[in-house]
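Encoded as structure tokens, the structure appears first; notes follow it.
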Amino acid sequence: MNRIARSPGQVGNLIQRFRKLKGMSQTELAERSGMRQELISKIESGHNGAKISSICDLLAALDLEMTIGPRSKSSSTDIEDIF
């Protein structure tokens, strides 16, 4: 299931959704990723300024990966249209 994210809020929302799909709490994800629960909360809420290394650590802990590609025109697969 590929999703498009173009803002910190969209990235955070996707991390939260995948975390919940795996049945994990923020505390469990924090333990698995080596981060503090408070940082995960900030990232999931779309806080600006999260380090890319933190995002990568969360993605790895959730067994996800990031793919970078050319920006497409708006379509029904944009994250805003899904929710």
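Not measured: the values here are computed from a predicted model.
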### Message
Ignoring hydrogens, what is the shortest heavy-atom contact between Leu14 and Ile4? Give both atom names and the distance.
### Response
CD1-O, 4.3 Å
### Query
Nearest 0.5 Å, what's the CD1-CD distance between Ile15 and Gln10?
12.0 Å
### Query
To the nearest 0.5 Å, how far apart are CD in Glu28 and CD1 in Ile40?
10.5 Å
### Message
Just verifying a value: how many Å separate Leu58 CG and Leu64 CG, rounded to the nearest 0.5 Å?
### Response
10.0 Å
### Query
Is there side-chain contact between Asn13 and Arg3, with heavy atoms separated by less than 4.5 Å?
no
### Message
Going by side chain to side chain donor-acceptor pair (under 3.5 Å), name the pairs with one or both residues in residues 39-58, residues two or more places apart or in two chains.
### Response
Arg19-Glu44, Gln26-Glu44
### Message
Counting C-beta onward and ignoring hydrogens, is there a side-chain heavy-atom pair between Asn2 and Thr67 closer than 4.5 Å?
### Response
no
### Summary
Value for CG (Leu39) from OG (Ser33), rounded to nearest 0.5 Å, stands at 8.0 Å
### Message
Tell me every residue that passes side chain to side chain contact (heavy atoms under 4.5 Å, CB included) with Arg32, counting only those two or more places apart in sequence or in another chain.
### Response
Met24, Ala61
### Message
Looking at every non-hydrogen atom in both residues, tell me the closest pair between Arg36 and Ala30 and how far apart they are.
### Response
C-CB, 3.9 Å
### Message
Going by salt bridge (charged side-chain N to carboxylate O under 4.0 Å, His left out), name the residues that satisfy it together with Glu65, two or more places apart in sequence or in a different chain.
### Response
none
